Engineer: 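Sharing a structure, written as structure tokens. Questions coming.
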Amino acid sequence: MKKLFLTAFLTLFVLNFIMPPQSDDIAVFLGIQSQNHSFFGSYFTNNGRIGEILYTGFFAKFNQSIFFDLLNAFVGSLFLFAVFVLFFGKLPRDRDDLLKFSLLATLMTLFNTPGSTFLWGSGSFNYLWGASFVVAFLLPFRLFWLSLTPATPATPTKFSLVEVAKALGLFVLGVVAGMGNELANLVICGLLFVNILFVLRARIYARLWHFGGAFGFWAGYLLLLLSPGSHQRGAGQRDFTGVSELLNLDILALLKRFYLAFNGLYSFGFVAFFLVVLVSFLNFRGVKFRWQHVVGVAVCGVAVAVLTKHVAGLPVAVAVLYMLVKMSQKEKKLWVLVWLFAGVMCANIPLIAIGSRVAHRAHFGTNLVLFFEIIVLMWHFCGRERLEKWVKVALSVGLAAFLLNCIQVRVSWEVLKSEATKTQEVVVSKWFFKRLYPFCDWNDLKKGEANWVGDAYAKFLGVKSVWLK
């Protein structure tokens with residue numbers, strides 16, 4: 001396990017070291033130097049997420065140092081292991097665990113915009129760090145339920161200072177975790193409520209920290225939703241509608257926004273998940289794959305991507321739910337996948353207010369759930385030997401492409417700095433900023449026009465203007 005952690009850490013460190021600060025990183029670095037800067041400024045002006053507050057309030061000043069690369073790589077490595085424990089209830093130890101961990105790393109590399117969520121300073125704090133707080137918060141609940149067996153039921157605990165300290169500690173962690181993300185955290189709020197109802201109804205001896213953690217998380221999520229900065233950020237969206245305005249909409253307009261909110265399911269991770277569910281369902285129905293089936297599945301994937309993104313995300317989600325239910329009726333242990341996907345669907349409810357899709361990186365939390373479902377389905381239907389061969393190839397290709405993308409970003413940044421030493425009006429070819437979209441999705445320079453990214457780069461480099469030709 002130590003070798004696996006070291007491998008993950010060194011890989012992430014090298015990638016962090018190569019990747020230069022981009023887009024928001026430069027703007028925030030300049031802002032943190034101003035005299036009017038305050039630690040909680042983002043909460044009131046731009047974004048209420050805890051990751052954004054930490055980054056804009058303090059850590060952005062270290063973005064261009066090796067300390068930041070080491071810290072971000074360490075957090076990323078810890079996150080991968082913590083997610084594995086949350087999924088499977090143990091650390092990776094044997095060959096099967098290593099294969100599952102490698103599959104998780106493959107999915108994160110190929111389908112979760114890893115450049116934007118693991119390396120880019122602003123993105124990693126908003127998504128990697130924010131999700132890390134949530135996973136750390138959920139682990140005590142996961143391990144508690146895992147420890148309960150008929151032989152070792154929960155026993156009553158006496159009131160003590162230790163129990164109070166645990167409850168207060170998880171309350172604080174809950175507040176921080178609750179401020180991590182607007183989408184996935186809505187579902188977790190509901191799960192915490194169900195958890196409390198269940199332990200009370202089943203007369204299981206719940207710990208005081210169950211209640212402390214739940215109330216802390218709910219408080220944190222409310223702080224995020226009520227953040228003036230988050231409201232201002234949402235108001236900047238073209239179709240944003242506040243709660244009071246939503247309540248004044250007629251039923252048809254409200255249903256339309258509800259329907260369109262499910263177009264927000266679209267992400268690289270969701271398309272991959274749909275294809276795995278479809279192949280698993282066909283396998284479940286006894287279909288023997290030939291070349292025409294492979295072509296059909298590929299065409300289905302393209303059609304689903306277009307439908308979910310532009311037309312009808314809800315019918316696609318219902319189709320996925322139908323396939324999962326059908327498989328679960330025979331394979332009872334797959335019912336958990338049905339409920340997890342229902343939770344992913346519910347996570348799109350906040351998009352009713354936004355009225356549009358969000359960036360791929362914003363699906364970081366819900367994609368984790370989809371990746372767990374992919375691992376379970378592939379493990380169930382593929383077999384270890386075939387899966388092992390596929391993972392070796394996919395992870396190698398994914399990491400190689402990721403590395404090349406990071407190098408290309410570094411080269412484009414060095415070209416930009418070099419041009420800034422020659423002229424006050426920097427114009428560089430668009431080819432230097434041609435990104436491999438599955439790996440990053442931050443705002444970048446625009447062709448033939450000025451934008452806030454170019455203005456930030458110009459100020460940072462000490463020139464008049466920066467844009468693409």
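On a predicted model such as this, the values are computed, not experimentally measured, just so you know.
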Engineer: Give a yes or no on whether the backbone of F118 and the side-chain of N72 come within a donor-acceptor separation of less than 3.5 Å.
Structural biologist: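 Checked: pair present.
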Engineer: What distance do H363 atom NE2 and L370 atom CG have between them, rounded to the nearest 0.5 Å?
Structural biologist: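 H363 atom NE2 to L370 atom CG measures 10.0 Å (nearest 0.5 Å).
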Engineer: Roughly how far apart are F87 CZ and L104 CG, rounded to 0.5 Å?
Structural biologist: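 With rounding to 0.5 Å, CZ (F87) is 6.0 Å from CG (L104).
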Engineer: Measure the shortest side-chain to side-chain distance between L86 and L139 over non-hydrogen atoms and say whether it is less than 4.5 angstrom.
Structural biologist: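 When only atoms from C-beta onward are counted, L139 and L86 do touch, with a gap below 4.5 Å.
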Engineer: Between atom OG of S412 and atom CD1 of I407, what is the distance when rounded to the nearest 0.5 Å?
Structural biologist: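 Reported to 0.5 Å precision, the distance equals 12.0 Å.
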Engineer: Taking the six-membered ring for Trp, are F9 and F74 parallel (under 30°), tilted (30 to 60°) or perpendicular (over 60°)?
Structural biologist: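 Plane angle over 60°, so perpendicular.
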Engineer: Please walk me through it: do E373 and L324 pass side-chain contact (heavy atoms from CB on, under 4.5 Å)?
Structural biologist: CA-CA 10 Å; E373 300 203 34; L324 288 173; 4.0 Å; yes
Engineer: Report yes if the side chains of V276 and M378 come closer than 4.5 Å at any heavy-atom pair, otherwise no.
Structural biologist: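 Of all side-chain heavy-atom pairs linking M378 with V276, at least one is under 4.5 Å.
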Engineer: How long is the straight-line distance from CG of L387 back to CZ of F381, given to the nearest 0.5 Å?
Structural biologist: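 Those atoms lie 13.5 Å apart.
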Engineer: Is S328 reaching over with its side chain to a backbone N or O of L334, donor-acceptor style, under 3.5 angstrom?
Structural biologist: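 Checking the backbone N and O of L334 against the side chain of S328, a donor-acceptor pair under 3.5 Å is found.
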Engineer: With a 6.0 Å cut-off (strictly less than), is the heavy-atom count around CH2 of W339, excluding the residue itself, greater than 12?
Structural biologist: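 For W339, atom CH2 is not crowded (no more than 12 foreign heavy atoms under 6.0 Å).
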Engineer: Which atoms form the tightest heavy-atom contact between I50 and V176, and what is the distance?
Structural biologist: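 That would be CG2-O, 3.5 Å.
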Engineer: Does K3 have more than 12 heavy atoms from other residues, nucleotides or ligands lying within 6.0 Å of its NZ?
Structural biologist: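 Atom NZ in K3 is not packed in, count stays at 12 or less.
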Engineer: Is the backbone N or O of G115 less than 3.5 Å from a side-chain atom of R361, with the two atoms forming a donor-acceptor pair by type?
Structural biologist: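 Answer holds: no.
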Engineer: Could you pull out the closest heavy-atom pair between Y127 and A362, with the gap in Å?
Structural biologist: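 Result for this residue pair: CE2-CA, 3.6 Å.
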Engineer: Quick check with a 6.0 Å cut-off and a 45 degree axis cone: is K100 positioned over the face of F88's six-membered ring?
Structural biologist: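 Flagged: K100 positioned over aromatic ring of F88.
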Engineer: When you measure from the side chain of Y221 to the backbone N and O of M179, does any donor-acceptor pair fall under 3.5 Å?
Structural biologist: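 Such a contact is absent between Y221 side chain and M179 backbone.
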Engineer: Does CZ in F17 sit with more than 12 non-hydrogen atoms of other residues, nucleotides or ligands closer than 6.0 Å?
Structural biologist: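 12 or below, so no.
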Engineer: Determine whether F111 and F273 make a side-chain contact, defined as any pair of heavy atoms from C-beta on separated by less than 4.5 Å.
Structural biologist: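 Not in contact.
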Engineer: Looking only at heavy atoms, what is the nearest atom pair of L4 and P92, with distance?
Structural biologist: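 Closest pair (atom of L4, atom of P92, distance): CD2-CG, 3.8 Å.
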Engineer: Walk me through whether L78 and V75 qualify under side-chain contact (heavy atoms from CB on, under 4.5 Å).
Structural biologist: CA-CA 5 Å; L78 277 181; V75 171; 5.7 Å; no
Engineer: Looking only at heavy atoms, what is the nearest atom pair of L128 and G76, with distance?
Structural biologist: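 Looking at all heavy atoms of both residues, the shortest contact is CD2-CA, 3.9 Å.
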Engineer: Between N112 (side chain only) and P114 (backbone N and O only), is there a donor and an acceptor less than 3.5 Å apart?
Structural biologist: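 No, the answer is negative, given that no donor and acceptor are paired below the 3.5 Å cut-off.
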Engineer: Does any part of the side chain of N126, heavy atoms only, come nearer than 4.5 Å to the side chain of N47, both counted from C-beta?
Structural biologist: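 N47 reaches N126 side chain to side chain.
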Engineer: Within the side chain of D97, is there an N or O that forms a donor-acceptor pair under 3.5 Å with the backbone of R93?
Structural biologist: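 Answer holds: yes.
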Engineer: Parallel under 30°, tilted from 30 to 60°, perpendicular over 60°: which one fits the rings of F101 and F84?
Structural biologist: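 It falls in the tilted class, 30° to 60°.
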Engineer: Measure the spacing between CD of E388 and CZ of R95 and express it to the nearest 0.5 Å.
Structural biologist: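 Nearest 0.5 Å value for the CD-CZ distance: 4.0 Å.
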Engineer: For H380 and K333: C-alpha separation, side-chain torsions, deciding distance, then whether side-chain contact (heavy atoms from CB on, under 4.5 Å) applies.
Structural biologist: CA-CA 10 Å; H380 187 78; K333 61 183 179 181; 3.7 Å; yes
Engineer: Say whether, by atom type as modelled, one donor and one acceptor occur between the side chain of N63 and the main chain of F59 under 3.5 angstrom.
Structural biologist: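 No: the side chain of N63 does not pair with the backbone of F59.
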Engineer: Counting C-beta onward and ignoring hydrogens, is there a side-chain heavy-atom pair between T11 and L15 closer than 4.5 Å?
Structural biologist: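 The answer is yes; the side chains approach within 4.5 Å.
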Engineer: Between T308 (side chain) and A305 (backbone), is there a donor-acceptor pair under 3.5 Å?
Structural biologist: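 No, because the side chain of T308 does not come within donor-acceptor range (under 3.5 Å) of the backbone of A305.
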Engineer: Using the rule given for side-chain contact (heavy atoms from CB on, under 4.5 Å), can you reason through W335 versus Q329, listing the C-alpha separation, both sets of side-chain angles and the distance that settles it, and then say yes or no?
Structural biologist: CA-CA 8 Å; W335 271 108; Q329 286 175 343; 4.2 Å; yes
Engineer: L399 and side chain to side chain contact (heavy atoms under 4.5 Å, CB included): which single residue from T109, L110, T106, L404 fits?
Structural biologist: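 Answer after filtering T109, L110, T106, L404: T109.
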Engineer: Compare every heavy atom of G48 with every heavy atom of Y43, then report the nearest pair and how far apart it is.
Structural biologist: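 For Y43 and G48, the tightest heavy-atom pair comes out as CD1-CA, 3.8 Å.
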Engineer: When rounded to the nearest 0.5 angstrom, what distance separates CZ in F270 from CG in N367?
Structural biologist: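 Rounded to the nearest 0.5 Å, the CZ-CG separation comes to 10.5 Å.
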Engineer: Answer yes or no: is there a donor N or O on one side and an acceptor on the other, between the side chain of S42 and the main chain of I53, under 3.5 Å?
Structural biologist: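 Between the backbone of I53 and the side chain of S42 there is no qualifying donor-acceptor contact (under 3.5 Å).
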Engineer: Have Y55 and D25 got a donor and an acceptor in their side chains that come within less than 3.5 Å?
Structural biologist: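 Yes, a side-chain donor-acceptor pair sits under 3.5 Å.
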Engineer: Tell me the closest heavy-atom pair linking F171 and F215, and the distance in Å.
Structural biologist: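 Scanning both residues completely, I find the closest heavy atoms to be CE1-C, 3.9 Å.
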Engineer: Without hydrogens or angle criteria, can the side chains of D24 and W120 be said to hold a donor-acceptor pair below 3.5 Å?
Structural biologist: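 Short answer, no.
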Engineer: So V134 and N185, do their side chains get closer than 4.5 Å, heavy atoms only?
Structural biologist: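 With C-beta onward as the side chain, the pair touches.
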Engineer: Below 4.5 Å, heavy atoms only, C-beta onward: do L208 and V164 meet side chain to side chain?
Structural biologist: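 Yes - at least one pair of side-chain heavy atoms lies under 4.5 Å apart.
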Engineer: Test side-chain hydrogen bond (donor to acceptor under 3.5 Å, both in side chains) on D96 and W379 and set out the steps.
Structural biologist: CA-CA 10 Å; D96 286 352; W379 194 266; 5.5 Å; no
Engineer: Less than 4.5 Å apart, any side-chain heavy atom of M345 and any of L314?
Structural biologist: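 In short, these two side chains touch, coming nearer than 4.5 Å.
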Engineer: Over 60° means perpendicular and under 30° means parallel, so classify the ring planes of W209 and F141, tilted if in between.
Structural biologist: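 F141 and W209: perpendicular rings.
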